[in-house]
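Take a look at the structure below.
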Amino acid sequence: MKRNRAALVTSVSTAMLGAGWAAGVVGTAFAAQDPASTATLGAAGTQSSSVETSTGASTFPSAAPSASASAPAAAAPSSAPAAPSGTFDGATTQTRYGNYQVEITVAAGTITDISMLQSGSSDGTSRQISGYALPRLISAVLHKQTANVGYVSGASYTTQGFETSVQSAMQAAGLA
Amino acid sequence: MSVDVRVPITGDTFADRVRTDSAWRDTLESIFWLSGVGAVSLMLATGAPIGSFGDALTTIGRVTGIVAATMMMVQLLVIARVPFIERRLGHDRAAALHGRLGRIGFIVIFVHVATLVLGYAARTNTGWWDQAWAFALRYGNEMTIAVIGFWLLIAIVVTSLAAVRTRWRYERWHAVHLLTYVTVAISIPHQFVNGTTFSGVATTPTDTFARWYWAALWTVSVGGFLLYRWLRPLWHLMRHQITVTRVDSNSDGTISVEMTGRALQRMNPKAGQFFMWRFLAPGMWTEAHPFSLSRVPRGNALRITVKPVGDHTAALAQVLPGTKVMAEGPLGRFTTEHRRTHGVVLAGAGSGIAPIVAILEELDSSDPIVVFLRARSASEIPHLDEVRELAHERGATLYLLEGRRGEGWRPQGLTGAMTEFVPRIAGSDIYVCGPAAWAEAVLDEARACGAPQEHLHYEQFAW
């Protein structure tokens, strides 16, 4: 190829890749800006986990158990000073890899259980990543009783979708 | 000390052609290249995290997947025998590019698979073995067949390496090679279902565009391949009805086959070009072979001259007049259309003499012509009477390089540089066709005598 043409193609390529990269950074900026992003959940499950994590790839979790008896989110008035109890649905959080929505069970102001009403896209990648990350996130939230429990590395979208929904459920319960 | 003895006149059509050719070649290359860059950009735009080890490996895996797929698309297009690509890039260069991309592509695909297995394994704390099985079995049918395709590809590569070592017949190797088209075909669904950039898992405008972009690239490449490699030959068979009219066994041992057809001018075959010929006779129709025209096309009549070197070529002597022929072509850039200067040197040996005869016929006497024909003895040169007559009519100087193989391009007993035979070699176009080693020797000699690279015309018979 002639040198000037090669230079042109090279600059066009660089511009295209640069634009793509910039668009990618902007598009995922929300996930990266989360204040808790510095913490990382240990891959081996360093949290004293009460949730049985699935062993890697051997089973993908089926989508979350359907909420059979979910109480209306307004069940507990947030103004009440008494510790709230009941089940509370978080908001549906949209991510690139599908929607996430949690339901938390609260007993006397303590989150005792978290189930997934929506747990991301149903494609193989999303199922495997969520299947790995969600049990870790759930046990971390139960342990720390906060929505910001850090990131599962390699599952930033799942983490973001999950934690945002937990945050809104906790608000609904008057815990946050 | 000028290299170009006959400097082309400004505005000369020869010089224009050189520029147009190179401009089109560069355009083609740029399109191929930027198509791949575009796909990688779209992948980056959908978010390509590299924060953790698993993320970084996954991103590498995604990029290599896109690169490998783009290479496959280019491979399909350059081997599809699209007339435009044949004319501008040349059949042999296109075939060489196809092969080179294939060898690099295999490594890229291997990296794609390895990094994604390790990347997903790291992201989900899974063993790589379990992860490999997860991809094969739990990611849906599209991934399952893609994994099968990957193992099939490995089997093909191993077989091909063994084939090279044990010198398989081309036809056997080619039969195995055709399986790579199966692997390409079954790799396509997983790109649209599991490929995060193109799967439509998200519905942002970028994702939607990426999906259409990828679909368009595959449509053009697979569509072009099917259209030109399959439908066009069938269409030509029906339209041109090429039929064998005469088969001669020549005294030098070669076989001449004359064929006629309808409206062959529309195919526009030129002296020096070749077709992939498929004789629709029992035992022969499964194989297509490249043979050059050994005569300027006369209206609807074509002639090829074949040296019987294998089963197929020997069987040509038994082909009966009336046999139908499928012809893919015309192929190749070995024509007077690609001349750069006003002098011509033609050099042929073995089965490479056939196209030289045709080119000699096409030239007129306005430019100086020198012809070299290499053979063990003059009795082994096909159409020698014809060549002598043509050379006489065109005022061409004919050298018969007879005798056993000597040093370089010369037969034994001959000494001296080529400039002694062709004083103006540096200002001539040099057309060389023959066995690779000999042809290379001629080209080296021509270069040593000062002929610039763009004056050298050489085409290997490449499939």
Side-chain angles (χ1 to χ4, degrees), chain A residues 1-2 4-6 8-10 12-29 31-32 37 40 42-45 53-60 94-98 120-133 136 151-158, chain B residues 19 22-23 25-27 29-31 33-34 36-49 51-58 116 119-127 129-135 137-140 142-143 190 193-196 199-204 206-207 210:
Chain A
M1 199 179 281
K2 279 197 175 173
N4 55 347
R5 292 185 194 140
L8 180 69
V9 171
T10 309
V12 172
S13 305
T14 313
M16 285 167 78
L17 291 173
W21 179 76
V25 167
V26 170
T28 53
S37 61
T40 307
T53 58
S54 59
T55 55
S58 59
T59 49
F60 292 164
Q94 295 178 345
T95 73
R96 176 175 167 75
Y97 297 99
S121 294
S122 60
D123 65 289
T125 301
S126 302
R127 279 192 300 148
Q128 192 185 354
I129 303 297
S130 295
Y132 169 75
R136 279 162 182 73
Y151 269 67
V152 174
S153 82
S156 52
Y157 290 94
T158 303
Chain B
R19 274 195 293 276
S22 111
R25 255 203 313 274
D26 290 355
T27 308
E29 272 179 35
S30 307
I31 291 172
W33 175 255
L34 291 178
V37 170
V40 174
S41 303
L42 286 169
M43 177 248 151
L44 291 176
T46 60
S52 69
F53 181 64
D55 278 339
L57 279 179
T58 304
L116 283 182
Y120 274 54
R123 288 167 74 189
T124 56
N125 201 28
T126 308
W129 178 253
D130 287 341
Q131 185 60 53
W133 278 108
F135 277 141
L137 300 177
R138 280 189 286 275
Y139 270 67
E142 297 81 7
M143 269 303 291
H190 94 284
V193 175
N194 306 93
T196 319
S199 66
V201 64
T203 50
T204 66
T206 310
D207 287 275

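Keep in mind it's a predicted model, so treat the numbers as computed, not measured. So you know, we letter chains A, B, ... as the sequences are listed, proteins then strands, and number each from 1.
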Problem set entry | Which portion of A/S121 sits near chain B, non-hydrogen atoms under 4.5 angstrom | side chain

pair [X]-[Y]: side-chain heavy atoms closer than 4.5 Å:
X	Y	value
A/V152	A/T158	no
B/Q131	A/Q128	yes
A/D123	B/N194	no

Engaged part of [X] at the chain A interface, taking heavy atoms whose separation is under 4.5 Å:
X	value
B/A23	both
B/S52	side chain
B/T196	both

For this session: Starting at CD of B/E142, measure out to OG of B/S199 and round the result to the nearest 0.5 Å.
Result: 11.0 Å

Closest-packed option against chain A by number of heavy-atom pairs under 4.5 Å, given [options]:
options	answer
B/S30, B/S41, B/S22	B/S41
B/W133, B/W33, B/F53	B/W33
B/D26, B/D55, B/L44, B/L42	B/D26

Exercise. Who passes side chain to side chain contact (heavy atoms under 4.5 Å, CB included) against B/A202, sequence neighbours left out?
Worked result: A/R96, B/D207

Problem set entry | Pairing residues for B/F135 by the ring pair (Phe, Tyr, Trp, His ring centres under 6.0 Å) criterion, not counting sequence neighbours | B/Y120, B/Y139

